[in-house]
Amino acid sequence: MKKLLLVLLLTCTVETFAQTDEKFPQDVNKKHEIKLNALTLIAAKWIDVSYENLINEESSFGITAAINTDTSETDLNYQLTPFYRRYFSGKFARGFFVEGFGSLFSAREYTNLFTSSNEFTTGFALGVSVGGKFVSKQGFSTELLLGVGRNLSGDTDYEGFGRVAISVGYRF
């Protein structure tokens, strides 16, 4: 009877430790995340949403779509930005990351240095970003991101290309 009780106790102890292991949290089966960039929504009147698919604990890919709701104040009209991320923490797809991105965008044309037209042209940029992601046990996420890229299209006057985000989202 004592041996049976000891085996049951050891089994329960091992199972308890396995469930609380920080390296493999309970949300490893949650492979999808949707986010809203609160910074651009408040500061620049952009609707900027992202979808991210988690490949494994160290990498993911996704896409961001942004639409400018007030083109009279800024020169960008829309952006479509696919990205690939590599995470560098011991936790599942969270913590510090580096991303490579491409961006298809529409920008206002300039007739000279100080005069813009009402015409928009399409451009393409490539760049790199760094950031950090924090995820709660319930799946709510917060992300900070800062990136820079280079416009590869000669059709616009934009040589540099920025990517900034303070996003809130949900992992499911």
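Residues take their numbers from the sequence shown, with the count starting at 1.
Scanning both residues, Ser103 and Thr81, for their nearest heavy atoms gives OG-OG1, 3.0 Å. Contact record, Ala93 with Asn56: CB-O, 4.3 Å, taken as the closest heavy-atom pair. Of all non-hydrogen atoms in Leu80 and Pro82, the two that sit nearest each other are O-CD, 3.6 Å.
At least one side-chain heavy atom of Leu152 sits less than 4.5 Å from a side-chain heavy atom of Leu126. Counting only heavy atoms from C-beta outward, the side chains of Ser129 and Phe101 approach each other to under 4.5 Å. A 4.5 Å side-chain heavy-atom check between Val164 and Leu145 finds every atom pair outside the cut-off.
Checking Thr64 against Gln79 by side-chain atom types alone, no donor-acceptor pair falls below 3.5 Å.
The distance from atom OG1 of Thr122 to atom CG of Asn77, rounded to the nearest 0.5 Å, is 9.0 Å. Taking OH from Tyr78 and OG from Ser106, the interatomic distance works out to 5.0 Å, rounded to the nearest 0.5 Å. In this structure, Ser167 OG and Ile34 CD1 are separated by 11.5 Å, a value rounded to the nearest 0.5 Å. Note: Phe105 CZ to Asn68 CG = 13.5 Å, rounded to the nearest 0.5 Å. The distance from atom CD1 of Ile63 to atom OG of Ser50, rounded to the nearest 0.5 Å, is 9.0 Å. Distance check: Phe92 CZ to Lys30 NZ gives 11.5 Å after rounding to the nearest 0.5 Å.
Linking ILVMFWY residues whenever their side-chain heavy atoms come closer than 4.5 Å, directly or via other members, places Leu146 and Leu144 in the same cluster. Placement of Val98 and Val135 in two distinct hydrophobic clusters is found when ILVMFWY residues are connected by side-chain heavy-atom separations under 4.5 Å, directly or transitively. Linking ILVMFWY residues whenever their side-chain heavy atoms come closer than 4.5 Å, directly or via other members, places Val128 and Phe96 in the same cluster. At a threshold of 4.5 Å between side-chain heavy atoms, the hydrophobic network of Ile, Leu, Val, Met, Phe, Trp and Tyr places Val130 and Phe88 in one connected group.
Pairs of residues two or more places apart, or lying in two chains, that qualify as salt bridge (Lys or Arg N to Asp or Glu O under 4.0 Å) and include a residue from residues 140-153 are Lys35-Glu143, Arg85-Glu143, Lys133-Glu143, Arg150-Glu159. Within the structure, the ring-ring contact (aromatic ring centres under 6.0 Å, His included) test picks out the following pairs touching residues 37-59 (sequence neighbours left out): His32-Tyr51.
Atom CD1 of Ile67 is surrounded by 12 or fewer heavy atoms from other residues, nucleotides or ligands within 6.0 Å. Other residues, nucleotides and ligands contribute over 12 non-hydrogen atoms within 6.0 Å of the CD1 atom of Ile55.
A search for ring pair (Phe, Tyr, Trp, His ring centres under 6.0 Å) contacts involving Tyr87 returns Phe97, not counting sequence neighbours. In this structure Arg163 satisfies the side-chain hydrogen bond (donor to acceptor under 3.5 Å, both in side chains) test together with Glu99, sequence neighbours excluded. In terms of the side chain to side chain contact (heavy atoms under 4.5 Å, CB included) criterion, residue partners of Val49 (sequence neighbours excluded) are, by chain and number, Leu36. Scanning for side-chain hydrogen bond (donor to acceptor under 3.5 Å, both in side chains) contacts around Ser89 gives an empty result, with sequence neighbours left out.
Applying side-chain hydrogen bond (donor to acceptor under 3.5 Å, both in side chains) to Ser141 and the options Arg171, Glu52, Glu33, Arg94 leaves one that passes, Glu33.
Side-chain atoms of Thr40 do not come within 3.5 Å of backbone N or O of Ala44 as any donor-acceptor pair.
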Query raised in the report: Would Phe140 and Tyr170 count as a ring pair (Phe, Tyr, Trp, His ring centres under 6.0 Å) if you check the C-alpha gap in whole Å, the side-chain angles of each, and the deciding distance to 0.1 Å?
Result: CA-CA 4 Å; Phe140 293 99; Tyr170 185 70; 5.2 Å; yes
